[in-house]
Each structure stands twice: as structure tokens, then as C-alpha cells.
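Structure, as C-alpha cells:
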Amino acid sequence: DGGITQSPKYLFRKEGQNVTLSCEQNLNHDAMYWYRQDPGQGLRLIYYSQIVNDFQKGDIAEGYSVSREKKESFPLTVTSAQKNPTAFYLCASRDRISYEQYFGPGTRLTVT
Amino acid sequence: GQQLNQSPQSMFIQEGEDVSMNCTSSSIFNTWLWYKQDPGEGPVLLIALYKAGELTSNGRLTAQFGITRKDSFLNISASIPSDVGIYFCAGLNNAGNMLTFGGGTRLMVKP
């Protein structure tokens, strides 16, 4: 049963702590993406990776970091430098033939 | 980054009514995608459009790729309560590696 998993669904952290969000896919997709969604808003691109060991900044990369050591996995670290980290984070991967992006269920991060 | 203009921002309709929403852009896109997002979940792909002028249906949903390649439309016929959610349009860039999203249309359906 192919798909994208994100864990955990809800995450709570204290201000000043780094936190890593997990994203795994078994769709054999090369490209993966991280988006941020704020209440009542659209999706904004944080980082994307088109291939293992390579990644590119999106529109709002400041305060975030990523790694892509395996094709299946694209973890996102929200660092203490991110000024407004509370948001809904969505991971996606892209079909290499159709270029369609498919999303995981999301992780809601709350930082207090 | 660039944003697509999606309208309306929200709609509150009666069950059984038809719904129309659209997206416009100042740039050309080669592919348009329409997604639906339920509260607290990730967006689900509804329809993908690949050619200017293309009209594609998925059940009660019909989407069109505008002839200018700068706009797209989504229609939902005979709405039902489970149509409630946020609908997003997205345009794919020429390289095929990045999507630009509209701000979303929040649909509410009164039974």
C-alpha cells in the first residue's frame, strides 16, 4: 500500500528547541517537498529535493534545515532560529512521469 | 514567491447547488492541478490538466485549463455535505519541479 507518512501528527515544543519532523514515502518518487501552511492560507514551499543528497531552498527556507540521505526519507528540522514555527507542515513527493505531487497527512507543530 | 489568485475565498451554499471557482495567474503554466483539503489533513489531488483548453471530469467535478494557459476553473455539480473543505489550485512550472498554489476556496455546504 503505497503512500506518504508523516509523524507525529501533533508535536509540541518549547521555544528555543530544535525539532525534527519525519516524512517517509514508498512510492519510489525521486523528488520530495516540504510546505508550510498557516491558518486560512495557502501552501508555501520551504525546501525541496530532486534527488538523494541534493536539496534546494524554497520561498521560506530561513530557520529550517533538511537532509536527503535516502530516497524514501526527507526529514525537516525546525530550528530555534525560525521566528514563527507554529504551523501545519506538509510533506509531498512527485511522480516522475506526470509531475503530480502527492501529500502526506501533515504534522501540526505548536511551539510555546 | 508568486501566488495564484483564487476566487472566491469562501462560499456557503445549499446542498444540491452547483459550485464554481477559478484561479488566475500573470504567468503561463503548462499543467494545472486541483486539490481538496479536509480539516487537519493533507491535500488530495482531484484533477490534473495538461493541455490548454482541456476539460476533464472526475465524478461531479469538472475542471478546465484556460485557453490562455493563465487560468483554470473547477466546477462541482449537485454539492453534498462531504464536499466541505478547502479547494486549492496549483500551477506547475516549466521545469516540472515546483508548484505555485492559490490561496484556496473554503466551501461550506448547508444540508
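For clarity, every value in this text was computed on a predicted model and none was experimentally measured. Note: hydrogens, waters and symmetry copies are ignored here, and every other heavy atom, side chains too, is used. Just so it is clear: chains get the letters A, B, ... in the order the sequence lines come, proteins before strands, and each one is counted from 1.
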(message) Counting heavy-atom pairs closer than 4.5 Å to chain A, which one of B:Ser10, B:Gly40, B:Gly102, B:Gly104 comes out on top?
(response) B:Gly40

(request) Following the transitive rule for hydrophobic clusters with a side-chain heavy-atom cut-off under 4.5 Å over Ile, Leu, Val, Met, Phe, Trp and Tyr, establish whether A:Ile4 and A:Phe74 coincide in one cluster. (result) no

(message) For A:Ile51, is the CD1 atom crowded, meaning more than 12 foreign heavy atoms sit under 6.0 Å from it?
(response) no

(request) Please report the closest heavy-atom contact between A:Leu43 and B:Pro43, naming both atoms and the distance. (result) CD2-CG, 4.3 Å

(request) Establish whether A:Tyr64 and A:Trp34 are linked, either directly or via other cluster members, by ILVMFWY side-chain heavy-atom contacts under 4.5 Å. (result) yes

(request) Give, as side chain, backbone, both or neither, the part of B:Leu45 having an atom under 4.5 angstrom from any heavy atom of chain A. (result) side chain

(message) Quick check for you: among B:Met98, B:Arg106, B:Gln9, which has the greatest number of heavy-atom pairs under 4.5 Å with chain A?
(response) B:Met98

(request) Kindly check if the number of other-residue, nucleotide or ligand heavy atoms within 6.0 Å of NZ (B:Lys110) is above 12? (result) no

(message) Taking atom OH as the centre, does A:Tyr10 end up with more than 12 heavy-atom neighbours from other residues, nucleotides or ligands that are less than 6.0 angstrom away?
(response) no

(request) Please report the closest heavy-atom contact between A:Phe88 and B:Gln37, naming both atoms and the distance. (result) CE2-NE2, 3.7 Å

(message) Using a 6.0 Å cut-off, check whether atom CD of B:Glu15 has over 12 heavy atoms from anything other than its own residue.
(response) yes

(request) Provide the closest heavy-atom pair for B:Leu33 versus A:Glu100 in the form atom of the first, atom of the second, distance. (result) CD2-CG, 4.1 Å

(message) Looking only at heavy atoms and a cut-off of under 4.5 Å, which of A:Gln37, A:Arg44, A:Gln41 has the most pairs with chain B?
(response) A:Gln37

(request) Find the distance between OH (A:Tyr99) and CG (B:Asn93) and round it off to the nearest 0.5 Å. (result) 10.0 Å

(request) Step through the shown structure and confirm whether more than 12 heavy atoms of other residues, nucleotides or ligands are within 6.0 Å of CZ on A:Phe103. (result) yes

(message) Could you tell me if the side chain of B:Tyr35 sits less than 4.5 Å from the side chain of A:Gln101, heavy atoms only?
(response) yes

(request) Looking only at non-hydrogen atoms, find the nearest pair between B:Asn97 and A:Tyr33 and report the distance. (result) O-OH, 2.5 Å

(message) Counting only heavy atoms from other residues, nucleotides and ligands, does the tally under 6.0 Å from CD of A:Glu15 exceed 12?
(response) no

(request) Measure the shortest side-chain to side-chain distance between B:Phe101 and A:Leu45 over non-hydrogen atoms and say whether it is less than 4.5 angstrom. (result) no

